[in-house]
Amino acid sequence: MAPQPHSGRHRSRWSCWAVRGLAIVLMSLSGGGGDALSLDHYRQSCPRAAAAVTAAVKQAMAKDRTVPAGLLRLHFHDCFVRGCDGSVLLDSTSNNTAEKDGPPNASLHAFFVVDNAKAAVESLCPGVVSCADILALAARDAVALSGGPFWAVPLGRGDGRVSLASDTTSSLPGPGATFDQLKQAFHAVGLSAKDLVVLSGGHTLGFAHCSSFETRIRGFPGDGGGGDVADPALRPSFAAALRRACPVNNTARGAGAWMDPTSAAFDNAYFKMLQSGRGLLASDEALLTHPKTRRMVALYAASQGQFFEAFVSSMLRMSAQNQPGEIRANCRRHN
């Protein structure tokens with residue numbers, strides 16, 4: 001059974017906080033040149049849109065525990081390339097390789113959830129709700145339905161017509177990124193070092209394939225490039241468990257590890273794991289290499305409430321990157 005969202009009392013508390021946070025975000029960001037986002041954008045034209053998206057996410061979560069992580073990652077990868085314009089949803093064509101087929105996006109999934117949500121919304125109000133907005137709503141629902149905070153999503157994004165795989169390698173930091181590389185990628189989209197730490201907390205959901213952390217568990221630089229020497233930042237018992245999950249010359253496509261012990265629940269376990277030498281990716285460990293971000297990791301490990309509040313604020317800031325565009329009839333191809 002899929003995890004349930006917070007109680008009405010908690011939900012109301014987070015929603016009220018999100019509205020206050022949204023006002024700050026919209027005042028502090030100029031956006032990407034699109035029309036202003038609004039909490040009541042579809043109030044008249046498609047009032048049941050958000051409920052239809054939530055229903056599609058719930059249905060998918062009941063069958064596949066990896067859906068929440070997939071949707072959250074889709075939204076992140078969409079917003080980091082050309083803004084939050086749904087370009088990551090476009091399929092490649094005979095004369096163009098789209099973002100979803102770029103190297104950093106090879107393991108993206110849960111596209112079907114957006115397709116199902118779009119079909120449901122189109123049946124209610126054809127040609128009104130953008131795929132970019134549907135993805136933003138679905139990412140919020142993925143978090144809330146996994147036990148995380150709920151927030152009001154500002155809407156009114158347009159769907160982009162351009163999607164290039166070549167954009168992904170320069171815009172999306174990989175699992176082996178250093179702190180400076182991460183900071184540069186976040187700065188490029190108007191996000192701060194605090195946003196970097198907070199949004200990395202989204203790794204509390206999901207699974208990482210062996211290739212994402214292979215260099216941390218054996219042949220770590222400094223041991224001559226061979227053998228089973230692991231990154232010394234990893235707890236030895238944790239590194240040994242990862243080597244068992246990812247043996248040398250592994251051929252199992254599904255081999256890897258969950259991001260934290262409660263990978264189906266949105267919580268602050270990721271930060272606790274990181275503090276105890278059990279951060280999975282090199283890009284996770286990078287957060288501990290700078291005093292300021294290390295203090296933030298400690299703060300969110302100690303207080304799930306403060307992490308949730310910060311996560312809402314950072315999500316609002318990231319997803320406010322609005323671009324003018326169309327309303328696609330099919331999320332996989334432009335009109």
Side-chain angles (χ1 to χ4, degrees), residues 2-3 5-6 11 14-15 18 21-22 25 37 39 41-42 49-61 64-89 99-100 105 107-118 120-121 129-157 159-160 172 189 191 195 198-207 259 263-267 270 307-308 310-323 331:
H6 284 302
R11 189 169 198 164
W14 289 117
S15 297
L22 175 61
V25 169
L37 302 180
L39 292 176
H41 186 79
Y42 299 116
V53 174
T54 301
V57 174
K58 282 183 177 179
Q59 184 178 44
M61 285 178 62
D64 184 351
R65 66 177 293 194
T66 70
V67 160
L71 290 171
L72 190 56
R73 190 163 177 244
L74 272 179
H75 188 42
F76 284 170
H77 284 222
D78 185 37
C79 292
F80 270 73
V81 182
R82 296 181 177 271
C84 311
D85 66 347
S87 54
V88 75
L89 304 172
E99 288 174 31
K100 65 168 56 173
N105 290 337
S107 60
L108 289 182
H109 68 291
F111 292 99
F112 77 95
V113 186
V114 179
D115 293 337
N116 292 345
K118 176 65 171 176
V121 171
V129 181
S130 69
C131 297
D133 277 345
I134 288 173
L135 180 53
L137 287 166
R140 184 274 313 277
D141 290 337
V143 171
L145 292 168
S146 298
F150 178 94
W151 65 94
V153 177
L155 302 169
R157 298 166 189 79
D159 290 327
L172 294 167
V189 294
L191 298 176
D195 295 316
V198 171
L199 294 176
S200 293
H203 285 172
T204 187
L205 295 175
F207 182 89
M259 297 299 288
S263 59
F266 192 93
D267 54 25
Y270 163 84
F307 166 51
F308 280 9
F311 188 81
V312 170
S313 179
S314 291
M315 284 293 288
L316 288 170
R317 190 174 294 106
M318 180 187 75
S319 65
Q321 299 176 73
N322 178 32
Q323 299 289 346
C331 292

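All figures in this text were calculated on a predicted structure; none of them were measured in a lab.
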If I take atom [atom1] from residue [X] and atom [atom2] from residue [Y], how far apart are they, to the nearest 0.5 angstrom?
{"X": "L316", "Y": "W151", "atom1": "CG", "atom2": "CH2", "answer": "7.5 Å"}
{"X": "S130", "Y": "Y42", "atom1": "OG", "atom2": "OH", "answer": "4.0 Å"}
{"X": "C84", "Y": "D159", "atom1": "SG", "atom2": "CG", "answer": "12.0 Å"}
{"X": "K100", "Y": "L89", "atom1": "NZ", "atom2": "CG", "answer": "6.5 Å"}

By salt bridge (charged side-chain N to carboxylate O under 4.0 Å, His left out) - contacts of D78 (at least two apart):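 Result, salt bridge (charged side-chain N to carboxylate O under 4.0 Å, His left out) vs D78: none returned.
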Where is the tightest heavy-atom contact between [X] and [Y], given as atom of each residue plus distance?
{"X": "L37", "Y": "R157", "value": "CD2-N, 3.7 Å"}
{"X": "V88", "Y": "F111", "value": "O-CE2, 3.4 Å"}
{"X": "G206", "Y": "A69", "value": "CA-CB, 3.4 Å"}
{"X": "G156", "Y": "N322", "value": "O-OD1, 4.0 Å"}
{"X": "D85", "Y": "V81", "value": "OD1-O, 4.1 Å"}
{"X": "V129", "Y": "K118", "value": "O-NZ, 2.8 Å"}

Compare all side-chain heavy atoms of [X] with those of [Y] and state whether any distance is below 4.5 angstrom.
{"X": "R140", "Y": "H75", "result": "no"}
{"X": "Q321", "Y": "F80", "result": "no"}
{"X": "R73", "Y": "S107", "result": "yes"}
{"X": "S200", "Y": "Y270", "result": "yes"}
{"X": "F112", "Y": "V67", "result": "yes"}
{"X": "L71", "Y": "V114", "result": "yes"}
{"X": "V189", "Y": "M318", "result": "no"}
{"X": "V113", "Y": "D64", "result": "no"}

Intermediate values then yes/no, side-chain contact (heavy atoms from CB on, under 4.5 Å), L205 and M259: CA-CA 7 Å; L205 295 175; M259 297 299 288; over 6 Å; no
Sole candidate of I134, L39, L137 that passes side-chain contact (heavy atoms from CB on, under 4.5 Å) when paired with L155: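 The option that passes is L137.
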Residues in side chain to side chain donor-acceptor pair (under 3.5 Å) with N105, at least two apart?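 Scan of N105 (side chain to side chain donor-acceptor pair (under 3.5 Å), adjacent residues dropped) gives H77.
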Excluding sequence neighbours, so at least two apart, what forms side chain to side chain donor-acceptor pair (under 3.5 Å) with N116?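 Checked N116 against side chain to side chain donor-acceptor pair (under 3.5 Å); zero matches.
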Give the intermediate values and the outcome of side-chain contact (heavy atoms from CB on, under 4.5 Å) for residues L135 and L74. CA-CA 8 Å; L135 180 53; L74 272 179; 3.9 Å; yes
Measure the acute angle between the ring planes of F308 and F266, then classify it against the limits of 30° and 60° as parallel, tilted or perpendicular.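 Aromatic pair F308/F266 classed tilted.
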